[in-house]
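Structure first, then comments.
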Amino acid sequence: MLLNFDRLGGWKWILLGITGLTAAFLILPILFIAALSFGSSQWLIFPPPSWTLKWYEAFFADPRWLEAAGTSFYIAAIVTVLSVLIGLIASFGLVRGRFIGKEGLRALFLTPMILPVVVLAVALYAFFLRIGLNGTVTGFVIAHLVVALPFSILSITNALEGFDKSIEDAAVLCGASPLEAKLRITLPSISHGLFSAAVFSFLTSWDEVVLAIFMASPTLQTLPVKIWATLRQDLTPVIAAASTLLIVVTIALMLLVALLRKGLKS
């Protein structure tokens, strides 16, 4: 190997130090938020004077917070299903299709990952106002689907490109129909790509705040929008509790993806 970690000498410790500082820079804010959610003070004070669970009790006792969390989960679930289905169809076309402009179409599908989210939010907000979808579940789903679909397409196309199509062809030669071969051979073989697409689509919708702010209405808010609105009005530690729960769901799903990939490699 051109670069062997064990042969770096003193540079090895410098590299480890930089890695540790980078990890601390990313993780410490999350740990601070989690600590604040257990603090006894009614203000966001660090370090907390003492520890309590009352802010989590206040979160689960407030129907407004629960409604926002339920709305987030409901929209994210719909976005996940649609994103995987559309991403699967698009991925088959991009990987196995032979047509002019395929690479341009692939780039178009990935455009929402490059454009600033606020640009998409303003455009969708102006368009949805004209057709009456602003402040509706349908509007939320379409807006979140725009930013979630690229993750599905990336995950599924990578899985399809790594799948040996000759196995599917062999199933067809043995008597299976093309559709049956895809359902019984191809889809199980790329299940890791489908699972990754589902998780990343769910998290994209679950955590999205910029689009959600533009799509929200007084009667329809997701959890990130509720956190943002409450943050502007009152610095209650309930915000920290809600943020911690949001982070816990995100980390749990990411760990699930990591464990799945580890299991597939072993």
Side-chain angles (χ1 to χ4, degrees), residues 22 25-27 29-30 33 65 68-87 90-91 94 104-158 196-233 239-240 242-254 257:
T22 304
F25 177 78
L26 296 174
I27 295 174
I30 298 175
I33 287 294
W65 283 106
T71 300
S72 286
F73 185 86
Y74 178 66
I75 292 173
I78 297 176
V79 170
T80 300
V81 174
L82 293 178
S83 178
V84 173
L85 289 177
I86 298 174
S91 296
L94 292 174
L105 184 61
R106 184 193 296 263
L108 179 64
F109 278 132
L110 302 182
T111 300
M113 299 181 67
I114 303 171
L115 289 176
V117 179
V118 67
V119 174
L120 292 173
V122 172
L124 289 172
Y125 176 74
F127 178 63
F128 285 173
L129 276 181
R130 289 181 174 273
I131 62 177
L133 286 180
N134 196 55
T136 65
V137 172
T138 303
F140 262 104
V141 170
I142 295 174
H144 286 191
L145 188 59
V146 169
V147 294
L149 191 56
F151 293 97
S152 282
I153 292 176
L154 277 177
S155 299
I156 300 174
T157 52
N158 288 337
S196 297
V199 170
F200 284 116
S201 297
F202 183 90
L203 291 179
T204 300
S205 176
W206 175 258
D207 294 332
E208 177 55 46
V209 62
V210 178
L211 280 171
I213 289 174
F214 280 84
M215 295 298 109
S217 68
T219 58
L220 184 64
Q221 293 183 341
T222 59
L223 187 56
V225 174
K226 177 63 177 175
I227 292 174
W228 173 252
T230 307
L231 187 64
R232 298 179 62 188
Q233 299 171 0
I239 298 174
S243 301
T244 302
L245 293 172
L246 199 66
I247 293 169
V248 166
V249 173
T250 302
I251 293 176
L253 290 176
M254 294 300 294
V257 172

Inter- and intrachain pairs under side chain to side chain donor-acceptor pair (under 3.5 Å), touching residues 117-131, at least two apart: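 Qualifying pairs, neighbours excluded: none.
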
Plane angle bin for F73 and W206 - parallel if under 30°, tilted between 30 and 60°, otherwise perpendicular: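 Correct class here is perpendicular.
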
Residue pair M215 / T222, side-chain heavy-atom distance below 4.5 Å: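 Sidechains of T222 and M215: no contact.
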
Residue pair F109 / L94, side-chain heavy-atom distance below 4.5 Å: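 A side-chain contact exists here, since the closest heavy-atom pair is under 4.5 Å.
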
Distance check, rounded to the nearest 0.5 Å: [X] atom [atom1] versus [Y] atom [atom2]?
X: N134; Y: F140; atom1: CG; atom2: CZ; answer: 8.5 Å
X: F128; Y: L133; atom1: CZ; atom2: CG; answer: 5.5 Å
X: L223; Y: L245; atom1: CG; atom2: CG; answer: 8.0 Å
X: I86; Y: I156; atom1: CD1; atom2: CD1; answer: 10.5 Å
X: T80; Y: L85; atom1: OG1; atom2: CG; answer: 10.5 Å
X: I251; Y: L203; atom1: CD1; atom2: CG; answer: 10.5 Å

Side chain to side chain contact (heavy atoms under 4.5 Å, CB included) evaluation trace for V146 with L211: CA-CA 10 Å; V146 169; L211 280 171; 5.8 Å; no

Check for a donor-acceptor pair, side chain of [X] on one end and backbone N or O of [Y] on the other, with a separation under 3.5 Å.
X: T230; Y: I227; answer: no
X: E208; Y: V210; answer: yes
X: T250; Y: L246; answer: yes
X: T111; Y: L108; answer: yes

Between S83 and S201, a side-chain donor and acceptor under 3.5 Å: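 A donor-acceptor contact under 3.5 Å links the two side chains.
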
Results of side-chain contact (heavy atoms from CB on, under 4.5 Å) for V209 - residues two or more places apart only: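 side-chain contact (heavy atoms from CB on, under 4.5 Å) check on V209 returns I213, P224.
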
Criterion side chain to side chain contact (heavy atoms under 4.5 Å, CB included) on L154 and M113, from CA distance to verdict: CA-CA 11 Å; L154 277 177; M113 299 181 67; 3.7 Å; yes

Which atom pair, heavy atoms only, marks the closest approach of [X] to [Y]?
X: V137; Y: L220; result: N-CD2, 3.6 Å
X: A121; Y: F214; result: CB-CD1, 3.5 Å
X: G87; Y: I153; result: CA-CG1, 4.0 Å

